[in-house]
Trainee: 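Encoded as structure tokens, here's the structure I'll be asking about.
Only this structure's heavy atoms are used, side chains among them; waters, hydrogens and symmetry mates stay out.
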Amino acid sequence: VTQLAHEPDAEGRSALAEALAPTQDPQVIEPLISLLNDPSMSVAEVAAEGLQDMGPVILQKHATEERTARALRETLNARAGSSGSGALRAALIAAMGALKDPNLREVYLHALRPNEPVAVRKAALAALGNLQQPWAADIILNSLDDDNDEIRLAAVNALQSTANFTHAERLYALLET
């Protein structure tokens, strides 16, 4: 962790960040959050992926969960218009999904817009699925009509943990077509 602050090379910072999450040590959460602001998008992406992997550890402390969600959202907003940021944005949304925070619903809705890259939309669907709430299934169902096969499959996967009997008619109608 100390070496991370002094590493001048983006590849080196990325490799160090990648080594942090598997430790599942709560002390690596703050360094990973800091790396979300790294000038290198690839380093920030690895940090977001690390935070996603640390989701169960983060969920054990409410204050850490709130701080992490805020940092992920701020990074998403700050880098939203950057060229080539699709992979980073998908990683940020996937990390948010690991937090299972229903307060991030608007972020996921925004990420489901048709002009978003497929990776971002798939991450948003998975994040909605992680919420395990029937209201999330109502949102996910709309993606079953998407033109993209990957999006439709991601929607079906997300429905596994959200859909209930009230969604059966819509799902049955889809199977008939």
Side-chain angles (χ1 to χ4, degrees), residues 1 4-5 13-14 16-82 84-113 115-140 142-143 151 154-155 157-163:
V1 173
L4 195 55
R13 289 191 308 278
S14 184
L16 289 168
E18 198 168 345
L20 293 177
T23 67
Q24 294 294 294
D25 183 345
Q27 293 182 353
V28 304
I29 296 168
E30 282 303 319
L32 288 172
I33 288 173
S34 296
L35 285 175
L36 292 174
N37 297 314
D38 194 275
S40 166
M41 271 201 257
S42 63
V43 172
E45 183 181 340
V46 169
E49 290 167 353
L51 288 168
Q52 178 185 3
D53 294 343
M54 294 287 295
V57 176
I58 294 168
L59 289 173
Q60 293 175 4
K61 292 188 176 182
H62 186 66
T64 304
E65 180 185 348
E66 287 179 351
R67 164 127 170 72
T68 305
R70 185 174 52 253
L72 290 164
R73 181 180 260 179
E74 288 171 358
T75 304
L76 182 68
N77 291 338
R79 297 201 172 185
S82 303
S85 67
L88 171 59
R89 291 186 359 256
L92 291 166
I93 291 169
M96 289 178 195
L99 301 179
K100 302 178 182 183
D101 183 352
N103 295 319
L104 296 169
R105 173 184 179 165
E106 293 301 318
V107 173
Y108 307 144
L109 284 171
H110 187 76
L112 286 173
R113 294 180 311 180
N115 63 328
E116 289 289 347
V118 169
V120 170
R121 294 165 56 210
K122 285 172 55 176
L125 287 165
L128 284 164
N130 286 346
L131 296 175
Q132 300 178 343
Q133 297 292 322
W135 60 260
D138 295 336
I139 298 167
I140 295 166
N142 294 327
S143 294
I151 297 300
N157 289 333
L159 285 170
Q160 289 179 4
S161 59
T162 58

Trainee: Side-chain contact, heavy-atom cut-off 4.5 Å: R67 with I29?
Mentor: no

Trainee: State, yes or no, whether a side-chain contact exists between L76 and M96 at a heavy-atom distance under 4.5 Å.
Mentor: yes

Trainee: Do V107 and L72 make a side-chain contact, defined as non-hydrogen atoms from C-beta onward lying under 4.5 Å apart?
Mentor: no

Trainee: Output yes when a side-chain donor or acceptor of T162 lies under 3.5 Å from a complementary backbone atom of A158, and no otherwise.
Mentor: yes

Trainee: Got a second to check how far L104's CG is from L109's CG, nearest 0.5 Å?
Mentor: 11.0 Å

Trainee: About how many Å separate CD1 of I58 and CG of L32, when rounded to the nearest 0.5 Å?
Mentor: 8.0 Å

Trainee: Could you give the side-chain donor-acceptor pairs of residues 123-134 under 3.5 Å, partners two or more places apart or in another chain?
Mentor:
{"unit_1": "N130", "atom_1": "ND2", "unit_2": "G97", "atom_2": "O", "d": "3.1"}

Trainee: Provide the closest heavy-atom pair for S14 versus S42 in the form atom of the first, atom of the second, distance.
Mentor: OG-O, 4.3 Å

Trainee: In chain order, what residues pass the side chain to side chain contact (heavy atoms under 4.5 Å, CB included) check against P117, with sequence neighbours excluded?
Mentor: R89, V120

Trainee: If you measure only the distance, is there a donor-acceptor pair under 3.5 Å linking the side chains of E106 and H110?
Mentor: no

Trainee: If you measure from CD1 on I139 to CZ on R105, what distance do you get to the nearest 0.5 Å?
Mentor: 4.0 Å

Trainee: Look at the side chain of S85 and the backbone N and O of R79, then say whether any donor-acceptor pair between them is shorter than 3.5 Å.
Mentor: yes

Trainee: Using atom types as modelled and distance alone, determine if a side-chain donor or acceptor of R121 lies under 3.5 Å from a backbone N or O of V118.
Mentor: no

Trainee: Taking all non-hydrogen atoms of both residues into account, name the closest pair between L20 and T23 and its distance.
Mentor: O-OG1, 2.6 Å

Trainee: Mind listing the closest non-hydrogen atom pair of E49 and A91 along with its distance?
Mentor: CG-CB, 4.1 Å

Trainee: Step by step, work out the side chain to side chain contact (heavy atoms under 4.5 Å, CB included) result for V57 and T64.
Mentor: CA-CA 9 Å; V57 176; T64 304; over 6 Å; no

Trainee: Looking at A44 and L88, what are the two nearest heavy atoms and their distance?
Mentor: C-CD1, 3.6 Å

Trainee: How long is the straight-line distance from CD1 of I33 back to CG of L51, given to the nearest 0.5 Å?
Mentor: 6.0 Å

Trainee: Would you say the side chain of L16 lies within less than 4.5 Å of the side chain of L35, judging by non-hydrogen atoms?
Mentor: no

Trainee: In Å and rounded to the nearest 0.5 Å, what is the CG to CD1 distance from L159 to I140?
Mentor: 5.0 Å

Trainee: Give, for atom CG of L59 and atom CD of E65, the distance between the pair rounded to the nearest 0.5 Å.
Mentor: 5.0 Å

Trainee: Which pair of non-hydrogen atoms, one from V46 and one from A17, has the smallest distance, and what is that distance?
Mentor: CG1-CB, 3.8 Å

Trainee: Which heavy atom of E45 sits nearest a heavy atom of A87, and at what distance?
Mentor: OE1-CB, 3.5 Å

